[in-house]
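One structure below.
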Amino acid sequence: MEKNHYQGLINKYRQYLPVTDTTPVVTLNEGNTPLIKADNLAKKIGLDCEIYLKYEGSNPTGSFKDRGMTMAVTKAKEAGAKAIICASTGNTSASAAAYGAKAGMKTFVLIPDGYIALGKLSQAMMYGAEIIAIKGNFDEALERVIEISQKYPVTLVNSVNPFRIEGQKTGAFEICEALGDAPDYHFIPVGNAGNITAYFKGYEEFLALGKTTHLPKMMGFEAEGAAAIVKGERILKPETIATAIRIGNPASWKQAENARDKSGGIINFVNDDQIVEAYKLLASTEGILAEPASAASVAGLIKANKLGLVEPGKKIVCILTGNGLKDPDSAIKYSGCEVKKTSSELSDILKAMQI
Ligand code: AN7
């Protein structure tokens, strides 16, 4: 048998990434995530299209952040950095802490106190990060870490670090390779707007190389209570149950608008009810537990379809950015499930089963 050991996205796509043969690659074998056809969902929402879900929750730390973090930490290591820092609504901190551990670096994370899903916090704790919870939101935390990284010898690994975008663009490469071309529509949650920027860069690069024939329409969705780009102004007190995208001043705001305008797409918003509906639908119709923020892509698809913005017969990809296990509180709260307790007697169990 021929050896075929997948060793992460830098090794797979090194010709498209800013690395050399001597770059010390820091990897947890991220990327190569499943692209799952969602026929039950298409039927349920009455859409005559091929829908695919890119399940980024199967990355090593459970979110798409690993794609950017392998690049950012690899380049930090190449430059001799001893410490990294980020602001985070949760997933970036989990990913930074994991890659920081792998690289033997110290990791500092600033988080908004009380607004981090339990799984994400427990990950950063276990990977050994220095965790600082501020009385403030993500936007304020990001301002602080930018300032700190300019004055002290710690490398910033938020998506304002261009190597993050380079790593994350590989998600677009994987989609194009799986489908044999770019999809027609690309639905994606928007928080700090790094990921929509990265995917668009990936699609543009494959088009320029002649590997694909067109760009997908980039369909970005913010949470209504944090919809700075849609509303055209910074939101000072962003609010949404999707804490991962509770961001009121996206760092890649202009790049997201560029992706929208060059691709003929939209940036719109979905409200918390629509997010919860999509979150539940994904689990119950497709067997996929994504986190609430991730469900914004599917909620966006449902909204766009209702608005008549989706042409039938097209190929659609929705990015599911993070694993639902990161946020067990939301899963338990919104599932509506009541666990039935009985004795261990067969008759009692059958009674509970109602058969
Ligand atoms: C699951 O972890 O900003 O638009 O600090 O965790 O690229 O910001 C997370 C963002 C979507 C939004 N889905 O992506 C952080 C952080 C999930 C996320 C987004 C995030 P961007």
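Read the numbers this way: they start at 1 and go in the same order the structure lists the ligands and their atoms.
Chaining together hydrophobic side chains whose heavy atoms lie under 4.5 Å apart places Val25 alongside Tyr6, Leu9, Ile10, Tyr13, Tyr16, Leu17, Val19, Met71, Phe163, Phe173, Phe206, Leu209.
Pairs passing the side-chain hydrogen bond (donor to acceptor under 3.5 Å, both in side chains) check and including a residue from residues 105-120, sequence neighbours excluded, read Lys106-Glu130, Lys120-Glu291.
Contacts with ligand 1 closer than 4.0 Å are made by no heavy atom of Asn158, backbone or side chain. If you look at Ala193 next to ligand 1, the close heavy atoms, those under 4.0 Å, all belong to the backbone.
Of all protein heavy atoms, the one lying nearest to atom 14 (O) of ligand 1 is Phe64 CZ, 3.5 Å. In terms of protein heavy-atom proximity, atom 6 (O) of ligand 1 is closest to Asn91 ND2, 2.7 Å. For atom 18 (C) of ligand 1, the closest heavy atom belonging to the protein is Ala244 CB, 3.6 Å. Given atom 19 (C) of ligand 1, the protein heavy atom at minimum distance is Ile245 CG2, 3.6 Å.
Where the criterion is an N or O separation shorter than 3.5 Å, residue side chain and backbone included, Ser294 fails it with respect to ligand 1.
When each of Leu282, Thr321, Asn323, Thr33 is paired with Tyr55, the side-chain contact (heavy atoms from CB on, under 4.5 Å) condition holds for Asn323 and for no other.
Other residues, nucleotides and ligands contribute more than 12 heavy atoms inside 6.0 Å of the NZ atom of Lys12. Within a 6.0 Å radius of NZ in Lys82, other residues, nucleotides and ligands contribute 12 heavy atoms or fewer.
Glu311 and Lys217 are not joined by a salt bridge, as no carboxylate oxygen comes within less than 4.0 angstrom of a charged side-chain nitrogen. Between Lys201 and Glu204 there is no salt bridge, since no side-chain nitrogen of the basic residue lies less than 4.0 Å from a carboxylate oxygen of the acidic one.
Shown in contact with Ser88 at under 4.0 Å from a heavy atom are these atoms of ligand 1, numbered in order with element: 2 (O), 5 (O), 15 (C). Heavy-atom proximity to Ile247, at under 4.0 Å, picks out these atoms of ligand 1: 3 (O). Less than 4.0 angstrom separates some heavy atom of Thr92 from each of these atoms of ligand 1: 2 (O), 5 (O), 15 (C), 16 (C). Each of the atoms 4 (O) of ligand 1 lies under 4.0 Å from some heavy atom of Val190. Near Gly194, the atoms of ligand 1 lying under 4.0 angstrom from a non-hydrogen atom of the residue are 4 (O), 7 (O), 21 (P). Residue contact check: Phe138 has heavy atoms under 4.0 Å from atoms 5 (O) of ligand 1. Near Asn192, meaning under 4.0 Å from any of its heavy atoms, are these atoms of ligand 1: 4 (O), 8 (O), 21 (P). Heavy-atom contacts of Thr89 reach the following atoms of ligand 1: 2 (O), 3 (O), 5 (O), 9 (C), 15 (C), 16 (C) (cutoff under 4.0 Å).
Residues Leu307 and Ile275 are members of one and the same hydrophobic cluster, defined by side-chain heavy-atom contacts under 4.5 angstrom among Ile, Leu, Val, Met, Phe, Trp and Tyr. The cluster map of Ile, Leu, Val, Met, Phe, Trp and Tyr, joined by side-chain heavy atoms under 4.5 Å apart, puts Tyr185 and Ile319 in different clusters.
Here the shortest heavy-atom distance to atom 11 (C) of ligand 1, taken over Thr321, Asn195, Thr243, belongs to Thr321.
Looking only at side-chain heavy atoms (C-beta outward), Arg14 and Asn11 come within less than 4.5 Å of each other.
Remark: distances from the non-hydrogen atoms of Gln168 to ligand 1 are all 4.0 Å or more. Heavy atoms of Gly90 come nearer than 4.0 angstrom to ligand 1 in at least one pair.
Side-chain contact check for Tyr199 and His186: no donor-acceptor pair (N or O, by modelled atom type) lies under 3.5 Å.
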